[in-house]
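First the structure, in the form of structure tokens, and then the observations on it.
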Amino acid sequence: MGLQFYNTLTQRLEPFSPLNGKTVRMYTCGPTVYHYVHIGNFRTFSFQDILRRTLLARGFQLEHVMNITDVEDKIIRNAVAQGKSLQEYTSEYTKAFLDDSALLRLERPERMVLATEHINEMVEAIQRLAAKSHTYESEGSIYFRIASFKDYGKLSHMNLSGNVAGARVDVDEYEKDDARDFVLWKAQKPGEPAWETPLGTGRPGWHIECSVMAMKYLGETIDIHTGGVDLVFPHHENEIAQSEALTGKPFARYWLHAEHLMVEGQKMSKSLGNFYTLRDLLGKGYAPESIRYLLTTTPYRKQLNFTLDGLKAAAASIERLRNFQYRLDNENFGEGLSEPLEARQEAASKKFNEGLDDDLNTAEAAAAVFEYIREANSAMDSGQFLAGNRPGAARLLASFDAIFDVLRPTASEGGMSDSEIEAAIAERQQARKSKQFAKADQIRNDLLAKGVILEDTREGVRWKRKQS
RNA sequence: GGCGCGGUAGCCAAGUGGUAAGGCAGAGGUCUGCAAAACCUUUAUUCACCGGUUCGAAUCCGGUCCGCGCCUCCA
């Protein structure tokens, strides 16, 4: 069957193949760094990470560019209010974004680019659009005239001829010929940071940055462009208009959009008090892996209902995976190879890959691994699991973790060191040997209170740090 | 009003014509000095509702109800 994606542009599932050989050129819309990025944003970025990893697992090379929007209305408003320069203001949140992304184990795109470092290219693009009569000026600002681009609306599939019924009247302070025209260059307003350019003193609109940076680094036609569903219109629609008006070539071949995340069944908002950043959740004691698991195991085109109960369930699911990994690594198995079990592993592996190939159906992929784990656990209990089955099982887990990346626990800060824990365990074992069970239980309870869980297995005492 | 996503067990969630994956929680059991740990088993005669097509539908068609998103630079 091969890899296929749902393309917003065609509203169909399509087999994926890049334009040039095995190299995939991908542009993903990154954050606007006016505040800490919230968990809903990370749903989209996590989807992009699963996409990256799946492409890599299929043997593609990636040229992935992600932008960071570091000039925008809210940024300017906040920076001015705090008496900071744009750069001073955004660097803090940019760093936070990168730190949070690392905690969530999001692979770094090959290139991350800042809007403010591409002002010249944007100016040049706007000049070229002007030369092709796609723009007009009004009160010092420059707008894109959507009537000049016949395909406008092809991504969002909205009928934009005539008035849009129910749409509110434009209240923008700038004068536009048509309410749906969008700004390419904004004239400076008093007190705002601005660039002096041949277009006048001002700053770029939002949409132009993505067109310019995508084409600069990836070429005029890129393979994949992604973002959240809210970007379909107008942002991505506008990107298409600008880019294709400029080049006359298709801008992106596959458009993938992640559905939104809900919190406890409701839209996340500050007024409802259900607005979470990653730091909020980490502060409540949840592990980054749990958050990553919850964000990635619901397929990206389905609205994700994010709940704290869901986080606990995610932590328990990860524990199940890790427990299996532990048994696989530590138990002794008989010599030989169980053919039926190996066939089960191969079937699970096939289902895992087919799930991912089917528009990144992560739920299906994960289910395949869990099914196998249940069978393998049973086989281990009954002695049917043999040493020869170990490599196959390990491969399945490794291919799972190459995508989901949740098996490795995040190192906890503070608390007892490994050697302290092991010393306490040795002491408890001594007590158990001499049947001082009260003392042994005391040690176990003390460790539990410090977040260390003990398990007495046939192969000895296993310990792990408590995760949530 | 237009465009789009969705309604499957207590919760999360696969499955798009052949008789309901998986995870969590709950219940029972195995192991254990004991155990909150681990492991196993079990949990939807039914897929929002009403019609229709079909030998057969959660899956296709028509209609209804409900949730959510976008339609002014929100992932």
Side-chain angles (χ1 to χ4, degrees), chain A residues 8 11 28-32 37-48 69 72-74 153 156-160 164-172 176 179-180 182-183 186 204-207 209 226-235 237-238 257-262 265-268 293-294 297-299 301-307 309-310 312-321 323-324 326-327 351 355 358 361-371 373-374 377-378 380-382 432 435-438 440-441 444-445 448 453-458 462-464 466:
Chain A
T8 306
Q11 299 180 294
T28 59
C29 283
T32 299
V37 168
H38 60 65
I39 203 70
N41 296 306
F42 276 120
R43 197 275 167 108
T44 298
F45 301 139
S46 298
F47 141 67
Q48 292 166 351
T69 300
E72 181 261 358
D73 288 347
K74 288 188 286 284
S156 51
H157 305 100
M158 289 197 289
N159 178 10
L160 291 157
V164 182
R168 281 156 291 177
V169 174
D170 171 53
V171 293
D172 199 312
K176 294 190 276 188
R180 286 133 27 211
F182 59 91
V183 69
K186 291 183 165 188
W206 176 34
H207 312 297
E209 71 177 76
T226 79
V229 282
D230 55 324
L231 296 189
V232 173
F233 188 89
H235 184 53
E237 197 71 72
N238 292 349
H257 292 98
E259 260 297 344
H260 275 178
L261 169 149
M262 310 286 287
Q266 291 183 293
K267 183 173 180 169
M268 181 164 55
Y293 185 95
L294 185 55
T297 49
T298 293
R301 283 205 300 132
K302 179 155 179 147
Q303 278 180 3
L304 171 75
N305 187 20
F306 188 91
T307 66
D309 278 351
K312 292 186 191 112
S317 299
I318 294 170
E319 269 312 294
R320 183 168 168 78
L321 294 162
N323 287 330
F324 180 71
Y326 182 88
R327 290 190 82 174
K351 185 177 168 187
D358 182 14
N361 188 337
T362 48
E364 176 109 23
V369 173
F370 279 106
E371 274 178 75
I373 286 177
R374 175 165 36 74
N377 269 324
S378 287
M380 286 176 181
D381 289 347
S382 67
R432 290 179 76 202
K435 304 237 186 280
Q436 295 173 273
F437 294 122
D441 289 351
R444 184 171 63 194
N445 289 336
L448 183 60
I453 294 167
L454 297 195
E455 289 166 28
D456 298 330
T457 72
R458 270 192 287 271
R462 175 194 175 192
W463 67 269
K464 61 190 177 187
K466 197 174 172 186

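Protein chains get the first letters and strands the later ones, always in sequence-line order, with residue 1 at the start of each. The figures here come from the full heavy-atom set of this structure, side chains too, leaving out hydrogens, waters and symmetry mates.
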Which nucleotide wins on minimum distance to the side chain of [X], given the candidates [options]?
| X | options | value |
| --- | --- | --- |
| R320(A) | rC24(B), rC73(B), rA75(B) | rC24(B) |
| H207(A) | rA13(B), rC40(B), rC73(B) | rC73(B) |
| H157(A) | rA75(B), rC3(B), rC40(B) | rC3(B) |
| A440(A) | rG33(B), rA36(B), rA75(B) | rG33(B) |
| D230(A) | rC70(B), rC73(B), rC24(B) | rC70(B) |
| K267(A) | rG69(B), rC40(B), rA14(B) | rG69(B) |
| S378(A) | rA37(B), rA21(B), rC40(B) | rC40(B) |
| Q303(A) | rG69(B), rA38(B), rA75(B) | rG69(B) |
| E371(A) | rA21(B), rC73(B), rA75(B) | rA21(B) |
| A363(A) | rG33(B), rC73(B), rA14(B) | rA14(B) |

Tell me what [X] touches on the nucleic acid: a base, only sugar-phosphate, or nothing, going by heavy atoms under 4.0 Å.
| X | result |
| --- | --- |
| L261(A) | base |
| H235(A) | nothing |
| G40(A) | base |
| H257(A) | nothing |
| A367(A) | base |
| P31(A) | nothing |
| K435(A) | nothing |

When you compare [N] with [M], how far apart are their [atom1] atoms, in angstrom units rounded to a whole number?
| N | M | atom1 | result |
| --- | --- | --- | --- |
| rU32(B) | rG22(B) | C1' | 29 Å |
| rA44(B) | rA58(B) | C1' | 12 Å |
| rU72(B) | rC60(B) | C1' | 40 Å |

I want to check something: taking the side chain as every heavy atom from C-beta on, are [X] and [Y] in contact at a cut-off of under 4.5 Å?
| X | Y | answer |
| --- | --- | --- |
| E237(A) | H207(A) | no |
| D73(A) | K186(A) | yes |
| F324(A) | V369(A) | no |

Would you say the side chain of D456(A) and the base of rC34(B) hold a donor-acceptor pair, judged only by whether the two atoms sit under 3.5 Å apart?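 Check passes, donor-acceptor contact within cut-off.
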Tell me whether the side-chain N or O atoms of D441(A) pair up with the base of rG33(B) as donor and acceptor below 3.5 Å, since no angle test is needed here.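 For D441(A), whose side chain was compared with the base of rG33(B), there is a donor-acceptor pair (under 3.5 Å).
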Is there a Watson-Crick or G-U wobble partner for [N] with both distances under 3.5 Å, and if so, which one is it?
| N | answer |
| --- | --- |
| rC5(B) | rG67(B) |
| rU16(B) | none |
| rU43(B) | none |
| rC60(B) | rG52(B) |
| rU30(B) | rA38(B) |
| rU72(B) | none |

Answer yes or no: does a side-chain N or O of [X] lie under 4.0 Å from OP1 or OP2 of [N]?
| X | N | answer |
| --- | --- | --- |
| N361(A) | rA14(B) | no |
| R444(A) | rG33(B) | no |
| R374(A) | rG22(B) | yes |
| Q11(A) | rG4(B) | yes |
| K302(A) | rG7(B) | yes |
| K74(A) | rC74(B) | yes |

If you measure from the ring centre of F437(A) to the centre of the six-membered ring in the base of rG33(B), is it under 5.5 Å, with the planes under 30° apart?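 It does: the ring sits over the base of rG33(B).
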Residue pair E72(A) / T32(A), side-chain donor-acceptor N/O under 3.5 Å: no
For the residue pair W206(A) and H235(A), does the interplanar ring angle fall in the parallel (under 30°), tilted (30 to 60°) or perpendicular (over 60°) class? parallel
Please determine whether side-chain hydrogen bond (donor to acceptor under 3.5 Å, both in side chains) holds for the pair R462(A) and N323(A), giving the CA-CA distance in whole Å, both sets of side-chain angles, and the decisive distance to 0.1 Å. CA-CA 10 Å; R462(A) 175 194 175 192; N323(A) 287 330; 2.6 Å; yes
Report the distance from atom CD1 of I39(A) to atom OG1 of T44(A), rounding to the nearest 0.5 Å.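 Here the rounded value is 11.0 Å.
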